S.K.: 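My questions will all concern the structure given below.
Bear in mind the structure is a predicted one, so any value in this text is a computation, not a measurement. Count residues from 1 along the sequence.
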Amino acid sequence: MRTELEAVPDRLVAAAGAGLAAPSMAYAAKSNEPTTPAPRRLGVLFPQGGEPSLEADEAWRGVLLAYDALPKAQRDALHLEPLAAATPSAAAHVIRRFATTKNVAGVIGTSSSSLSLAATSAAELANLPYVELDSPAAGITGRGFKHLLRIAATTTDFATAARRALTGVIAPAWRTTPEKISIALVFDIGATDGAFAASMIDALHASGAALRLKIAYATGTADLAGEVGRMKRAGIDLVIHAGHAEAVVAFYQAMAVQSWRPRLVLGADSGYSLAEPALLMGAGFNNTMVVGPPPYSASPAATDIAMRYQNRFATAPRGTASLTACVGAGLVFDALAGGKKLDPTLRGMRRPRGALANGWGVAFDDAGQNDRSYALLQQWQQGRLVVIDPPA
């Protein structure tokens with residue numbers, strides 16, 4: 001391929017002579033005209049395929065809602081670049097590749113703690129700011145990284161909310177004490193649910209509760225009949241379950257087949273915050289309790305976001321993941337406004353609890369964790385997720 005100079009006939013080059021070294025006034029004037037700078041690029045990493053894909057798609061919709069709300073000038077100055085990965089190694093690879101491109105402002109994501117652990121490590125090595133929107137595994141922000149911030153609550157927060165539910169809501173309602181309640185802890189062995197289980201075991205021990213069964217199952221397990229049979233034979237009163245949406249449906253289907261249910265199911269992780277299990281199971285899902293990020297019913301501001309969601313996607317929100325991601329992405333966009341650097345600007349933000357649409361505030365600790373995010377006790381009532389126990 002010939003370059004532009006090679007494409008010019010030799011006789012014209014010779015005729016130009018010294019004129020090549022002295023541009024014409026017309027060319028000089030043109031070169032001094034202001035040019036529009038290229039938009040900054042913000043990577044958005046979410047898992048592709050696998051069990052978290054539904055939660056990831058819901059979170060992506062939340063990012064789009066926050067982006068749509070920006071003034072046009074700010075949208076023109078910031079380009080969202082989707083980054084997809086199916087495995088932790090693939091997530092690390094796409095982050096390393098993205099870090100080498102031009103005009104990179106940072107990365108947000110992730111809806112999968114296993115992907116987040118790998119992606120944030122790659123971003124740290126590349127000195128690339130990474131803002132975790134919703135992946136809750138406590139260990140993500142426990143590694144001393146300098147370029148990592150997490151806006152969302154952690155699995156430790158989920159376990160704290162579950163302990164508060166047990167001691168302050170469930171046991172008093174049953175007119176008993178935590179140590180007299182037969183409890184089973186059932187969880188996916190993945191990064192998020194495994195981290196929750198570890199924190200939950202500590203929380204139950206601190207509350208004096210008796211953990212009768214601990215049941216772990218592999219990610220992707222489609223049949224929980226055996227696990228339900230064990231709980232039925234053990235006479236379990238309270239099941240604390242952490243799993244993706246597919247596992248939630250499998251769990252309720254297995255209980256229906258065996259004509260057994262505990263007195264109460266307390267769910268964690270985004271699988272219990274999604275509307276799909278409630279729609280599929282119908283009335284059988286009523287009264288299920290959930291510990292997780294605030295739902296759309298938490299505040300009038302969140303209800304307004306739900307209305308924008310309905311207008312944008314022609315359906316009601318499918319879960320809290322979109323609200324969490326919308327709130328977090330909005331903070332990131334605020335931090336990047338006017339060409340500011342993401343990491344120091346966001347790290348320096350201080351907003352009181354209640355300032356964000358879902359009720360959270362903003363204050364990052366030395367590890368990069370937002371201390372003003374939290375989990376709430378909620379309950380499915382007639383197809384709607386309702387807050388039961390706000391934090392003091």
Side-chain angles (χ1 to χ4, degrees), residues 46-47 51-66 108-113 132-137 150-155 157-162 165 192-193 196 241-245 247-248 265-279 285 288-310 312-313 315-331 353-354 356-361 370 372-391:
F46 286 118
E51 290 201 341
S53 58
L54 183 59
E55 294 96 319
D57 184 64
E58 185 68 3
W60 168 242
R61 291 185 176 189
V63 173
L64 292 178
L65 288 176
I108 61 176
T110 317
S111 292
S112 167
S113 292
E132 181 56 60
L133 298 180
D134 61 353
S135 296
R150 174 166 49 190
I151 296 170
T154 71
T155 48
D157 296 323
F158 293 179
T160 299
T192 292
D193 302 322
F196 168 77
H241 179 210
H244 294 293
V248 175
V265 175
L266 177 60
D269 197 1
S270 55
Y272 275 92
S273 297
L274 282 169
E276 271 69 10
L279 290 172
F285 209 69
T288 297
M289 284 190 169
V290 183
V291 286
Y296 278 95
S297 62
S299 72
T303 302
D304 290 341
I305 295 175
M307 293 177 62
R308 291 200 290 115
Y309 185 110
Q310 178 78 46
R312 176 73 155 78
F313 302 109
T315 184
R318 298 172 297 178
T320 61
S322 50
L323 176 60
T324 301
C326 182
V327 167
L331 287 173
R353 284 194 175 192
L356 304 186
N358 65 348
W360 289 348
N370 181 15
R372 293 176 183 169
S373 62
Y374 49 80
L376 295 176
L377 176 64
Q378 305 152 52
Q379 189 175 46
W380 283 101
Q381 298 177 2
Q382 306 302 321
R384 186 167 178 261
L385 198 53
V386 178
V387 174
I388 296 297
D389 182 31

S.K.: Is there a donor-acceptor contact under 3.5 Å from the side chain of Ser113 to the main chain of Ala137?
M.R.: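 Pair found, side chain donor or acceptor close to backbone of Ala137.
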S.K.: Tell me whether Arg318 contacts the main-chain N or O of Glu276 through its side chain, where contact means a donor paired with an acceptor under 3.5 Å.
M.R.: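 Flag not set: sc Arg318 to bb Glu276 has no pair under 3.5 Å.
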S.K.: Closer than 3.5 angstrom, by distance alone: can the side chain of Gln379 be matched with the main-chain N or O of Val386 as a donor-acceptor pair?
M.R.: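 No, the answer is negative, given that no donor and acceptor are paired below the 3.5 Å cut-off.
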S.K.: Does any N or O in the side chain of Gln378 come within less than 3.5 Å of the main-chain N or O of Leu376, such that one atom is a donor and the other an acceptor?
M.R.: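 Yes, the answer is positive, given that a donor and an acceptor are paired below the 3.5 Å cut-off.
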S.K.: Could you list the residues that satisfy ring-ring contact (aromatic ring centres under 6.0 Å, His included) with Tyr296, not counting sequence neighbours?
M.R.: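 Partners of Tyr296 by the ring-ring contact (aromatic ring centres under 6.0 Å, His included) criterion come out as none, since no residue qualifies.
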S.K.: With heavy-atom distances below 4.5 Å as the criterion, would you say the side chains of Leu377 and Leu266 are in contact?
M.R.: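 Touching, per the 4.5 Å side-chain cut-off.
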S.K.: What are the two closest heavy atoms between Arg384 and Ser297, and how far apart are they?
M.R.: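 Heavy atoms of Arg384 and Ser297 come nearest at NH2-CB, 3.5 Å.
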S.K.: Are any non-hydrogen side-chain atoms of Pro294 and Tyr374 less than 4.5 angstrom apart?
M.R.: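 Yes, their side chains come closer than 4.5 Å.
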S.K.: How close do Ala302 and Pro295 get, heavy atom to heavy atom, and via which atoms?
M.R.: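 Nearest heavy atoms, Ala302 then Pro295: CB-O, 4.4 Å.
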S.K.: Would the distance check show the side chain of Thr192 and the main-chain N or O of Pro136 forming a donor-acceptor pair, the cut-off being under 3.5 Å?
M.R.: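 It does not hold such a pair.
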S.K.: Within the side chain of Gln381, is there an N or O that forms a donor-acceptor pair under 3.5 Å with the backbone of Gly383?
M.R.: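 Not a single qualifying donor-acceptor pair exists.
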S.K.: Do Asp304 and Arg308 sit within salt-bridge range, that is, some charged N less than 4.0 Å from a carboxylate O?
M.R.: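 Looking at Asp304 and Arg308, the cut-off is not met.
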S.K.: Which atom names give the shortest non-hydrogen contact between Pro293 and Thr324, and what distance separates them?
M.R.: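 Where Pro293 meets Thr324 most closely, the heavy atoms are CB-OG1, 3.5 Å.
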S.K.: Please round to the nearest 0.5 Å and tell me the distance separating atom OG1 of Thr110 and atom CZ of Arg150.
M.R.: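 Thr110 atom OG1 to Arg150 atom CZ measures 10.0 Å (nearest 0.5 Å).
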S.K.: Ignoring hydrogens and angles, tell me if any N or O in the side chain of Ser270 forms a donor-acceptor pair with the backbone of Ser273 under 3.5 Å.
M.R.: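 Absent.
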S.K.: At their closest point, which heavy atom of Ala153 faces which heavy atom of Trp360, and how far apart are they?
M.R.: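 For Ala153 and Trp360, the tightest heavy-atom pair comes out as N-CH2, 3.8 Å.
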S.K.: Run Thr160 and Asp157 through side chain to side chain donor-acceptor pair (under 3.5 Å) and show every step you take.
M.R.: CA-CA 5 Å; Thr160 299; Asp157 296 323; 5.3 Å; no
S.K.: Between OG of Ser111 and CG of Leu54, what distance do you get to the nearest 0.5 Å?
M.R.: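 Nearest 0.5 Å value for the OG-CG distance: 10.0 Å.
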S.K.: Would you please classify the geometry between the Tyr272 ring and the His241 ring as parallel, tilted or perpendicular, with 30° and 60° separating the classes?
M.R.: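 Plane angle over 60°, so perpendicular.
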S.K.: Quick check for you: to the nearest 0.5 Å, what is the distance between Phe196 atom CZ and Phe158 atom CZ?
M.R.: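 Those atoms lie 8.5 Å apart.
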S.K.: Ignoring hydrogens and geometry, is there a side-chain-to-backbone donor-acceptor pair from Glu132 to Ala152 under 3.5 Å?
M.R.: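 No; judged by distance alone, with no hydrogens or angles, the pair does not exist.
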S.K.: Of Leu356, Leu64, Leu133, Leu65, which is the lone residue that meets side-chain contact (heavy atoms from CB on, under 4.5 Å) with Cys326?
M.R.: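 Answer after filtering Leu356, Leu64, Leu133, Leu65: Leu65.
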S.K.: Mind listing the closest non-hydrogen atom pair of Gly319 and Glu58 along with its distance?
M.R.: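 In terms of heavy atoms, the two residues are closest at N-OE2, 3.4 Å.
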S.K.: The criterion is ring-ring contact (aromatic ring centres under 6.0 Å, His included); which residues satisfy it with Tyr309, sequence neighbours excluded?
M.R.: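 Partners of Tyr309 under the ring-ring contact (aromatic ring centres under 6.0 Å, His included) test: Phe313.
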S.K.: Could you measure the distance from the CD atom of Glu55 to the OG1 atom of Thr320? Nearest 0.5 Å is fine.
M.R.: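 Spacing of CD (Glu55) from OG1 (Thr320) equals 9.5 Å.
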S.K.: With rounding to the nearest 0.5 angstrom, report the CG to CG distance, Leu323 to Asp134.
M.R.: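 With rounding to 0.5 Å, CG (Leu323) is 11.5 Å from CG (Asp134).
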S.K.: Where is the tightest heavy-atom contact between Asn370 and Gly361, given as atom of each residue plus distance?
M.R.: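 Between these two residues, the closest heavy atoms are ND2-O, 3.0 Å.
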